[in-house]
Structure formats: structure tokens, C-alpha cells
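As the structure is a prediction and not an experimental result, all values here were calculated from the model. The basis for the numbers below is simple: all heavy atoms, side chains too, and nothing from hydrogens, waters or symmetry mates.
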Amino acid sequence: MDKKITVSDAELEVLEALWSAGTALNASEIRTRLCKSWERTTVLTLIQRLLKKGVVIQEKRDVYYYLPCIKREEYIREETKSFVDKFFKGSSRNLAAALVDSEALSKEDIEELRDYFNQNC
């Protein structure tokens, strides 16, 4: 991603529906996948916001279908970087220390992470 794209939690739910589908969806299909009691107009508003931000594109068939412009992994990578920059001054080590200090990681989690780092670094 060239520029920071910020999406709301609700917009992210629409993106998640599109990512999980792996194919273009129309507004009704997105609404069905959301498993929410959102009105059709709410879903359409969220889609319009995502279109305006350049996060999804639309294609006209019998109705409009929508596809994400970014991959989920790319979005997660950028959001993670932004989070680490904002709260931990860009230091992943500080993030890991905060997780350990807050007891958010169990000993098993730490062992799994150690194994992951040993295998991938």
C-alpha cells in the first residue's frame, strides 16, 4: 500500500466478507455473509466509503459486484506496522515485552514463538 488507508471496524467487516469469499460479491451477498442485522442501506453506505477510499472496486453486471483492491495479508501488515509505530515507537521488541509483562502470552505461547523464530530466522 502506498498510502495509509484507514478503515472503520464496520468497513473492515465488509472487507473481511469480501476477503473470505475470494470472489466478487454484490451488496446482498455481502450483507448475508456479515451475519448482522444491518439494513441494506447501511451495507451500501459502508461499500461506498470503501469505494471512495480506493479499497474496493466495483464492476457492473446485472447489479454491482465488489472486489477488494488489497490483500488481507497486506492490510494486516500495514496495520501492524502502524500499531507498533504508534504505541511502541517502532520497536517490535517493546511490543513483545509489553505482551509478556501484561501476561497476555502464556509460557506455551512464548515457546511457540521461540520455535517459530528459530525456524524462520
Side-chain angles (χ1 to χ4, degrees):
M1 291 180 349
D2 294 335
K3 61 180 180 166
K4 172 74 172 121
I5 296 172
T6 304
V7 298
S8 69
D9 290 346
E11 292 165 348
L12 183 58
E13 290 189 50
V14 171
L15 275 174
E16 289 285 3
L18 290 168
W19 285 325
S20 67
T23 188
L25 298 175
N26 64 39
S28 294
E29 292 168 332
I30 292 170
R31 186 172 177 230
T32 299
R33 285 178 171 265
L34 290 172
C35 300
K36 299 252 183 207
S37 57
W38 288 345
E39 294 293 328
R40 183 177 183 278
T41 53
T42 301
V43 174
L44 289 171
T45 298
L46 294 170
I47 291 169
Q48 288 304 310
R49 289 180 188 168
L50 291 168
L51 283 166
K52 189 174 183 177
K53 293 177 181 183
V55 180
V56 299
I57 57 171
Q58 68 183 7
E59 54 185 49
K60 179 75 168 145
R61 298 181 193 169
D62 51 330
V63 295
Y64 283 107
Y65 280 77
Y66 305 93
L67 284 165
C69 296
I70 58 173
K71 294 181 180 174
R72 186 176 191 276
E73 297 76 20
E74 181 182 0
Y75 182 76
I76 289 171
R77 186 173 43 254
E78 289 298 319
E79 281 296 307
T80 301
K81 182 182 180 325
S82 176
F83 177 79
V84 171
D85 288 346
K86 181 176 181 178
F87 292 103
F88 301 99
K89 299 180 181 164
S91 171
S92 298
R93 183 188 180 287
N94 290 346
L95 168 62
L99 289 171
V100 171
D101 290 345
S102 70
E103 299 178 4
L105 296 175
S106 68
K107 287 187 180 199
E108 293 81 18
D109 292 334
I110 294 169
E111 289 172 11
E112 284 180 27
L113 284 170
R114 183 181 304 120
D115 291 344
Y116 175 81
F117 289 133
N118 287 335
Q119 292 172 5
N120 294 289
C121 294

Where is the tightest heavy-atom contact between [X] and [Y], given as atom of each residue plus distance?
| X | Y | result |
| --- | --- | --- |
| W38 | A10 | CH2-CB, 3.8 Å |
| A17 | L34 | CB-CD2, 4.2 Å |
| D62 | Y65 | OD1-CE1, 3.6 Å |
| F88 | A98 | CE2-CB, 3.5 Å |

Roughly how far, to the nearest 0.5 Å, is the [atom2] atom of [Y] from the [atom1] atom of [X]?
| X | Y | atom1 | atom2 | answer |
| --- | --- | --- | --- | --- |
| R33 | L18 | CZ | CG | 8.5 Å |
| T45 | L50 | OG1 | CG | 11.0 Å |
| E39 | L44 | CD | CG | 11.0 Å |
| R72 | E79 | CZ | CD | 11.5 Å |
| L46 | D9 | CG | CG | 11.0 Å |
| L67 | L25 | CG | CG | 8.0 Å |

Would you say [X]'s side chain and [Y]'s backbone share a donor-acceptor pair under 3.5 angstrom?
| X | Y | result |
| --- | --- | --- |
| W19 | I70 | yes |
| D85 | S82 | no |
| S20 | E16 | yes |
| E29 | N26 | yes |

Requested in this report: Could you walk me through whether R77 and E74 pass the side-chain contact (heavy atoms from CB on, under 4.5 Å) test, one step at a time?
Outcome: CA-CA 5 Å; R77 186 173 43 254; E74 181 182 0; 3.8 Å; yes

Report task. Could you list the residues that satisfy side chain to side chain donor-acceptor pair (under 3.5 Å) with E59, not counting sequence neighbours? Result -> R61

Query raised in the report: Does atom NZ of K86 have more than 12 heavy-atom neighbours, drawn from other residues, nucleotides or ligands, at distances under 6.0 Å?
Result: no

